[in-house]
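What you see is a predicted model; the values in this text were computed from it and never measured.
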Amino acid sequence: MDANEFKSVFMPYQPKLYRTAYAILRNAQDAEDIVQEVYMRLWNRRESMDTAICKEAYCVSMVKNMCMDFIRGSHSFSEDEIDDEHLCLTDEDAGMKLDRKEEVNRLKSMISRLPDVQKKVMWLRDVNECSFEEIGAATGLAPVNIRATLSKARKKIREQFNKLYDRV
């Protein structure tokens with residue numbers, strides 16, 4: 001397979017691959033990096049790709065797997081990575097924005113104090129909107145354990161919010 005044939009076969013998938021990576025990672029730069037890495041791997045495997053039945057499905061699977069590897073391995077789940085736009089609604093009233101910003105900061109702080117597994121599961125499910133299968137692939141937990149871990153994490157956050165607002 002030469003370069004022109006490679007481009008004509010695989011480049012039309014680029015928007016879908018990017019959307020898939022972004023949906024999982026919720027970070028434009030990381031999504032672009034993953035897609036670029038997928039294209040590098042596809043290029044290196046271009047001779048064996050002639051036998052792939054559904055090239056688009058193969059490419060999307062590669063993106064998903066690389067995103068899960070990225071989440072599992074090199075991606076840390078620090079409180080600074082929680083994007084404010086994922087956690088609060090925008091409101092035109094300046095006072096409401098300030099209140100929301102303070103609430104988001106409190107939530108970030110509460111999430112950062114969760115045990116690592118609970119923090120990771122909550123991040124993946126509630127912020128990145130990953131499926132239980134994707135969370136299982138990233139953490140090695142069974143779906144029933146993911147549900148229990150997520151329930152415990154949400155309960156801890158709810159309790160902390162209740163204590164905070166009972167004092168106020």
Side-chain angles (χ1 to χ4, degrees), residues 13-39 41 57-168:
Y13 306 143
Q14 192 277 337
K16 184 173 188 172
L17 300 179
Y18 175 80
R19 284 191 310 270
T20 302
Y22 185 81
I24 295 170
L25 300 174
R26 296 285 186 196
N27 181 301
Q29 185 63 45
D30 291 338
E32 289 173 10
D33 291 346
I34 293 290
V35 171
Q36 183 177 9
E37 180 67 25
V38 165
Y39 275 111
R41 290 184 184 189
Y58 182 81
C59 293
V60 171
S61 294
M62 280 183 75
V63 166
K64 286 182 179 179
N65 290 339
M66 289 183 69
C67 287
M68 291 300 113
D69 289 344
F70 178 79
I71 290 169
R72 228 181 282 130
S74 64
H75 194 39
S76 65
F77 295 92
S78 69
E79 64 188 69
D80 296 333
E81 293 175 352
I82 299 175
D83 191 0
D84 294 347
E85 72 183 54
H86 289 107
L87 295 175
C88 67
L89 301 173
T90 58
D91 194 333
E92 298 304 317
D93 180 29
M96 290 293 289
K97 279 186 175 181
L98 184 59
D99 290 344
R100 283 287 194 195
K101 185 76 170 170
E102 289 174 5
E103 191 172 297
V104 167
N105 288 335
R106 283 188 208 114
L107 183 58
K108 286 179 182 180
S109 176
M110 290 176 194
I111 291 173
S112 72
R113 291 190 302 261
L114 289 172
D116 287 339
V117 174
Q118 289 180 1
K119 184 184 338 181
K120 189 179 280 191
V121 169
M122 188 169 205
W123 169 269
L124 291 170
R125 183 66 180 175
D126 293 340
V127 178
N128 282 353
E129 299 173 353
C130 291
S131 69
F132 286 106
E133 292 80 22
E134 292 168 330
I135 297 170
T139 62
L141 297 173
V144 69
N145 293 345
I146 294 168
R147 285 182 184 85
T149 302
L150 188 59
S151 176
K152 288 176 187 175
R154 288 175 177 164
K155 182 179 179 183
K156 285 182 182 180
I157 297 296
R158 213 173 12 255
E159 288 172 354
Q160 290 177 21
F161 259 106
N162 288 339
K163 285 180 186 176
L164 180 68
Y165 289 113
D166 286 342
R167 291 182 197 165
V168 175

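- Annotation: salt bridge (Lys or Arg N to Asp or Glu O under 4.0 Å) contacts involving residues 144-157, sequence neighbours excluded, comprise D126-R154.
- Shown here for L17 and V60, the closest heavy-atom pair between the two residues is CD2-N, 3.7 Å.
- Rounded to the nearest 0.5 Å, atoms CG (N27) and CD1 (I34) are 10.0 Å apart.
- Between I24 and I71, some side-chain heavy-atom pair lies under the 4.5 Å cut-off.
- Residues passing the side chain to side chain donor-acceptor pair (under 3.5 Å) test with Q36, sequence neighbours excluded: none.
- For A31 against L25, the heavy-atom pair with the smallest separation is N-CD1, 4.0 Å.
- Counting heavy atoms from C-beta on, the side chains of F132 and R125 come closer than 4.5 Å.
- For the pair L114/I157, a side-chain contact is recorded, criterion being any heavy-atom separation below 4.5 Å from C-beta on.
- For the pair Y39 and Y13, the tightest heavy-atom approach, listed with the atom from each and the gap, is OH-C, 3.8 Å.
- Judged by distance alone, the side chain of S112 and the main-chain N or O of S109 form a donor-acceptor pair under 3.5 Å.
- Under the 4.5 Å side-chain criterion, counting only non-hydrogen atoms from C-beta, T139 is in contact with L124.
- Applying the side chain to side chain donor-acceptor pair (under 3.5 Å) rule to E37 yields the partners R41; only residues at least two apart in sequence or on another chain are considered.
- Separating the OG atom in S151 from the CE atom in M122 is a distance of 10.5 Å, to the nearest 0.5 Å.
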